[in-house]
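Structure, as structure tokens:
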Amino acid sequence: MKRIFLFLFGLLTIYVIYIDLTAGTLPQDETQKTEETVVTMTNIKSSADSFKAEVEPGETLISIVENHIEKPLPVSIDELIEDFQNLNPGLSPEKIQIGSTYEFPDYSK
């Protein structure tokens, strides 16, 4: 009897783990996602908080911004990428071209 109980308990545990990993157990609240999007959109830097720079060989998004503000990056890399993409719609930082000029977020203030 003890073996059957342990076997059924093991199956139940495996089943619960499987459901949790595939579908999740927390409900998805659409209003919460919308509020997060609105908050994110209000935190976006305006075009007044940006500068234009030409990309030189060997430079990256991070190095260009750090050289401009002359200190370490004060925001997370994810926020930097998001701000760059908002200033340059349809362009990811990995696609910047040497010799081209782009708008970069200015965190010097």
Using distance alone, with no hydrogens and no angle criterion, decide if Ser50 and Glu103 have a side-chain donor and acceptor under 3.5 Å apart.
yes
Which donor-acceptor pairs under 3.5 Å do side chains of residues 56-70 form with protein atoms, sequence neighbours excluded?
from  : atom 1 : to    : atom 2 : distance (Å)
Glu59 : OE1    : Glu56 : N      : 2.8
Thr60 : OG1    : Ser63 : N      : 3.2
Thr60 : OG1    : Ser63 : OG     : 3.4
Ser63 : OG     : Thr60 : N      : 2.8
Ser63 : OG     : Thr60 : O      : 3.0
Glu66 : OE2    : Leu73 : N      : 3.2
Asn67 : ND2    : Ser63 : O      : 3.1

How long is the straight-line distance from CD1 of Ile77 back to CD of Glu82, given to the nearest 0.5 Å?
14.0 Å
Please list every donor-acceptor pair under 3.5 Å in which a side-chain atom of residues 8-19 meets a protein atom from a residue at least two apart or in another chain.
from  : atom 1 : to   : atom 2 : distance (Å)
Thr13 : OG1    : Phe9 : O      : 2.8

Going by side chain to side chain contact (heavy atoms under 4.5 Å, CB included), name the residues that satisfy it together with Gln97, two or more places apart in sequence or in a different chain.
Ser100, Tyr102
All side chain to side chain contact (heavy atoms under 4.5 Å, CB included) counterparts of Lys95, not counting sequence neighbours:
Leu91, Ser92
Does any part of the side chain of Glu79, heavy atoms only, come nearer than 4.5 Å to the side chain of Pro105, both counted from C-beta?
no
By ring-ring contact (aromatic ring centres under 6.0 Å, His included), Phe84 pairs with (sequence neighbours left out) Phe104
Consider only side-chain N and O atoms of Tyr107 and Asp83, and report whether a donor and an acceptor are under 3.5 Å apart.
yes
Partners meeting side-chain hydrogen bond (donor to acceptor under 3.5 Å, both in side chains) with Ser108 (sequence neighbours left out)
Asp106
Hey, what do you get for CE (Met1) to CG (Leu6), rounding to the nearest 0.5 Å?
11.5 Å
